[in-house]
Amino acid sequence: MAKKVHLFIPCFVDALYPSVGISTVNILREFGCEIIYPEKQTCCGQPAFNSGYFGEAVILANNFLNLFSDAEYVVAPSGSCITMCKNMYGQLELGGKEREIWQSNSTKFFELTDFLINVLKIDSWKGTFPAKVTYHDSCHALRELHIKNQPRKFLQSIKGLELTEMENSETCCGFGGTFSVKFPAISTAMVRNKSKWIIESGAEVVTSSDSSCLMNINGFLERNAFPVKTMHIAELLWTAYKNRQEDQ
Amino acid sequence: MRPKSKYFKKDLPLYMANEKVIANISRATRIAADKRRNSIECIKNWEEMREAGHRIRKSVIDNIRSNLDEFEKNAVRNGIIVKRAKNALEANEIAVEIANEHQAKRIVKSKSMITEEIGYNDYMIKRDYEVVETDLGEYILQLAGESPSHLIGPAMHKSRVDIAELFNKKLKIPYSEDPQFLTRAARNILREKFLSADLGVTGANFGIVENGSIVIVENEGNARMCFTLPKVHIAFIGMERLIPKVNDLGLFMTLLSQSANGQKLTSYISLMKGPRSASSYDGAEKRYYIIVDNGRSSFLDDDYLKQALYCIRCSACYNVCPVYQNIGGHAYGWVYQGPIGAVITPQFLGLENAVALPFASSLCGSCTDVCPVKIPLHHLLLYQRNRIVKSGNTSSLEKSSMKAFTSIGKSDKKFNRVIKLGRVMQNLIPFGAFVRGWSRSRELPRIANTTFHEWWDSVAKNGKSPN
């Protein structure tokens, strides 16, 4: 049965990485989902929340919840922003009505690959992507949403794609939102390590469920002219799917 | 030790510049974390054990006052003299009184974080007592005049070469990097101290409520010498370090040693009930417990924060923390470091004296994942951030930026206008100047020519998306 999906495109994906959102739309539609995109959406409030400004975060959280109040499934191409809505909103003093929405919705927030596997029950990915790829576990997807095998399952089933695990794939890339600006030296030390592990894996492409990690990693790789491309998992899946072969 | 956490941000570059130290710490923590992970993989019910650990520690802390009274009552019945100290000064004064009463001059000591916290060594040495650290790591630090940089491996920041040079210089022994040779040199000196000491000082890993005894775990056996050889023994005990029953010990021994470095059990586990009895062969004739509060009570008023008192000081959170690995323990500026240190230091020293610590984390959550008593460490970091913001200890620039961000985010019209404006402005002003820290090492992304919003609005809204 066709699923009705409320699409949540994180604010910085909207502005900086629209192709991640576009790939998400294409994938969901290809698998028969009806997409509702609440156009008034902005930011879920995570930057304020992570900086300790819970009062400010509540304003954005309330706003967000009202926009998604009648959603059956809220899907986003981000483990981090889904974590904010699904797990962290509970720590905020939401409005009465908004808390009700959150409580009734709280099990229905999904990161994209999690949704594809666990709701749409897609168990392998038809597609071709001839490259060596490594997967970076974003902290929120991994530890808050327990997404570990979902994206790997897809990657392993793509024709021509060789999944090569990096050392310490579960170690944080050092982004951490405002942390990367407040403590740039620590953040840089972390992304330097991450980049080293990525390069040592021999991958040509590093992918992840979160554009924020990839923004950080790509910023460092690009500055140092390291020849590894970053690509969000939604973009990779859609590119591979478009290139699928007849026999798949 | 004098806290320096207030200057965390300012001092950070100094600590990070010491590449040798960072390399030592990074290597040692990874080894410990790997051992932990490999070892725990073989324990089928690890998660249930963590749950149980959490539950028991919660029950202890929820009723800490009555637990302490019960513990004290049982200890006194066993012949132990129990003192309580509200703060560091009181604890040290009590310790001096005890030393004077027994005319003790030479004090042997084994590793204890709480004595670091209250500055016991300095306090005593200033008053002409000889205090000798007897655990190898602490002994190295005492020779070097440094403080611990890790809960379990206090001299983790030092390499074998550092120690060889130090021993060569301070102990006047031939230069050697052979660990066995170095350990033997220390041991020869320390054995002499043990045999001639008047007083032994230890910490305690756990106090057992039901029978008033304490538990000390170690791998070197020096604590055991500290409380058996001298005639008098003082154990400093953090008031939160209680477990209800002897039967809980199996669980907590496993949680503690597995989490620390994957050891099934430590080499020595000592349970100590009372002073030497008429029928014992050895042991101190007088035993004292000094139960120290020193700010712990202030956690109890806050139902969320008090979870930090569940900590059993295993150091698993240090070992997996990518921040700790890249800055080392000393950078935190006080005795407790790593994720748990970043949570509790602002409470111990006052928010204004450790304002940066909870923010120095990417909130990756690996600490929470490994905590054997399931303290939600990264959520507590967030909680502390919020308390710092509410207390007014953040810059006005930050406050107004957050307000502005929220006011823009509240309205999609404003939000989209700001993005459009940014798209034009990024060609005129180098945005990197606003986030120098970021752009010093990384390229900044650019605002796209067509945002997702715009694409949706013009292309995909009607239900069919062009590929």
Side-chain angles (χ1 to χ4, degrees), chain A residues 9 11 13-18 21-22 25-26 29 34-35 37 39-43 45 47-54 56 59-60 63 91 139-140 143-144 170-172 174-193 215-216 218-220 222-223 242, chain B residues 9 12-13 16 322-323 326-327 358-366 368-369 379 382-389 394 398-399 402-403 405-406 408-412 415 419 422 435-438 440-448 450-457 460-461 463-465 467:
Chain A
I9 297 298
C11 53
V13 172
D14 172 48
L16 307 173
Y17 304 106
I22 295 169
V25 169
N26 290 338
R29 281 190 173 157
E34 182 193 337
I35 296 184
Y37 176 65
E39 287 187 62
K40 285 184 182 303
Q41 65 181 280
T42 57
C43 169
F49 177 70
N50 279 359
S51 306
Y53 289 80
F54 288 15
E56 278 72 11
I59 297 171
L60 296 177
N63 186 41
Q91 289 195 30
C139 297
H140 275 149
R143 298 192 186 88
E144 294 277 355
E170 296 186 357
T171 301
C172 177
F175 177 60
T178 46
F179 165 75
S180 64
V181 180
K182 279 191 176 170
F183 293 97
I186 309 177
S187 172
T188 298
M190 286 162 73
V191 75
R192 183 179 295 123
N193 286 340
M215 172 170 76
N216 185 41
N218 186 60
F220 189 83
E222 206 183 310
R223 171 64 57 87
K242 277 193 298 187
Chain B
K9 211 165 177 172
L12 190 60
M16 290 190 75
V323 172
N326 281 298
I327 69 175
F359 292 93
S361 162
S362 64
L363 301 174
C364 78
S366 46
T368 305
D369 251 20
H379 290 201
L382 272 160
Y383 185 74
Q384 291 292 56
R385 289 181 184 190
N386 182 234
R387 288 180 70 222
I388 287 165
V389 166
T394 48
E398 186 182 295
K399 268 180 246 169
M402 282 298 163
K403 285 226 151 61
F405 176 75
T406 310
I408 294 163
K410 251 192 323 192
S411 139
D412 62 307
F415 190 78
I419 290 172
V435 279
R436 280 222 183 86
W438 172 284
R440 196 167 293 144
S441 61
R442 288 159 286 200
E443 295 300 321
L444 261 188
R446 288 178 58 81
I447 297 175
T450 310
T451 65
F452 179 82
H453 255 104
E454 291 163 337
W455 175 82
W456 177 266
D457 195 44
K461 207 175 180 175
K464 193 82 195 113
S465 46
N467 296 339

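Convention: sequence-line order gives letters A, B, ...; per-chain numbering from 1.
When all heavy atoms of A:Ala185 and B:Met16 are compared, the closest pair comes out as O-CE, 3.6 Å. Scanning all heavy atoms of the two residues, the minimum distance from A:Met215 to B:Pro445 falls at SD-CG, 3.4 Å. The nearest pair of heavy atoms linking B:Met402 to A:Ser51 is CE-OG, 3.2 Å. Across all their heavy atoms, A:Asn216 and B:Arg442 have their closest contact at OD1-NH1, 2.7 Å. Taking all atoms of both residues into account, the shortest heavy-atom contact from B:Leu382 to A:Phe54 is O-CZ, 3.6 Å.
Taking the six-membered ring for Trp, A:Tyr53 and B:Phe405 have ring centres at least 6.0 Å apart.
Residue A:Asn63 holds its CG atom at 11.0 Å from CZ of B:Phe415, rounded to the nearest 0.5 Å. Atom CD1 in A:Ile186 sits 8.0 Å away from atom CG in B:Asn326 (nearest 0.5 Å). Interatomic distance, B:Arg446 CZ to A:Tyr17 OH, rounded to the nearest 0.5 Å: 12.0 Å. A distance of 11.5 Å separates CG of B:Leu363 from CZ of A:Phe175, quoted to the nearest 0.5 Å. In this structure, OG1 on B:Thr368 lies 9.0 Å from CZ on A:Arg143, to the nearest 0.5 angstrom. Taking SG of A:Cys43 as the reference point, atom CD1 of B:Ile408 lies at 11.0 Å (rounded to 0.5 Å).
Within 6.0 Å of the NZ atom in A:Lys40, the count of heavy atoms belonging to other residues, nucleotides or ligands does not exceed 12.
Neither the backbone nor the side chain of A:Glu170 comes within less than 4.5 Å of any heavy atom in chain B. Proximity to chain A is absent for every atom of B:Arg436, based on heavy atoms less than 4.5 angstrom apart. In this structure, chain B has no heavy atom under 4.5 Å from any part of A:Glu34. Only the side chain of B:Ile327 comes within less than 4.5 Å of a heavy atom in chain A; its backbone stays farther off. Looking at B:Trp456, the atoms closer than 4.5 Å to chain A (heavy atoms on both sides) all sit in the side chain, from C-beta outward. In this structure, chain A has no heavy atom under 4.5 Å from any part of B:Leu444. For A:Ile9, the part lying under 4.5 angstrom from a heavy atom of chain B is the side chain only. Neither the backbone nor the side chain of B:Ile388 comes within less than 4.5 Å of any heavy atom of chain A. When heavy atoms are compared at a cutoff of 4.5 Å, A:Ser187 approaches chain B by way of both its backbone and its side chain.
Your options are B:Cys364, B:Gly437, B:Pro358, and the one with the most heavy-atom pairs under 4.5 Å with chain A is B:Cys364. Contacts with chain A were tallied for B:Gly422, B:Ser411, B:Ser361, B:Pro13; B:Ser361 has the most, counting heavy-atom pairs under 4.5 Å. When A:Cys11, A:Gly52, A:Cys139, A:Ala15 are compared by the number of non-hydrogen pairs under 4.5 Å with chain B, A:Gly52 comes out ahead. Contacts with chain A were tallied for B:Thr394, B:Leu12, B:Val389; B:Val389 has the most, counting heavy-atom pairs under 4.5 Å. Highest contact tally toward chain B, considering only A:Val191, A:Val181, A:Leu60, is held by A:Leu60 [criterion: heavy-atom pairs under 4.5 Å]. Counting heavy-atom pairs closer than 4.5 Å to chain B, the top residue among A:Asn50, A:Thr171, A:Thr188 is A:Asn50.
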Stepwise side chain to side chain donor-acceptor pair (under 3.5 Å) check, B:His379 with A:Gln91: CA-CA 9 Å; B:His379 290 201; A:Gln91 289 195 30; 2.9 Å; yes
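The shortest side-chain heavy-atom distance between B:Asn386 and A:Phe49 does not fall under the 4.5 Å cut-off. In this structure, A:Glu39 and B:Asp457 have side chains that are in contact, with non-hydrogen atoms separated by less than 4.5 Å. A 4.5 Å side-chain heavy-atom check between B:Val323 and A:Phe183 finds every atom pair outside the cut-off. At a threshold of 4.5 Å between non-hydrogen side-chain atoms, the residues B:Trp455 and A:Pro18 do not count as touching. Proximity of A:Ile59 to B:Lys410: side-chain heavy atoms (C-beta onward) are separated by under 4.5 Å at one or more points. Taking 4.5 Å as the limit, every side-chain heavy atom of A:Val13 sits out of range of all side-chain heavy atoms of B:Phe452. Between B:Arg440 and A:Pro184, the closest side-chain pair of non-hydrogen atoms is not below 4.5 Å. Contact check for B:Ser441 versus A:Arg223: no side-chain heavy atoms found under the 4.5 Å cut-off.
A salt bridge links A:Lys182 with B:Glu398: the closest approach of a Lys/Arg side-chain nitrogen to an acidic carboxylate oxygen falls below 4.0 angstrom.
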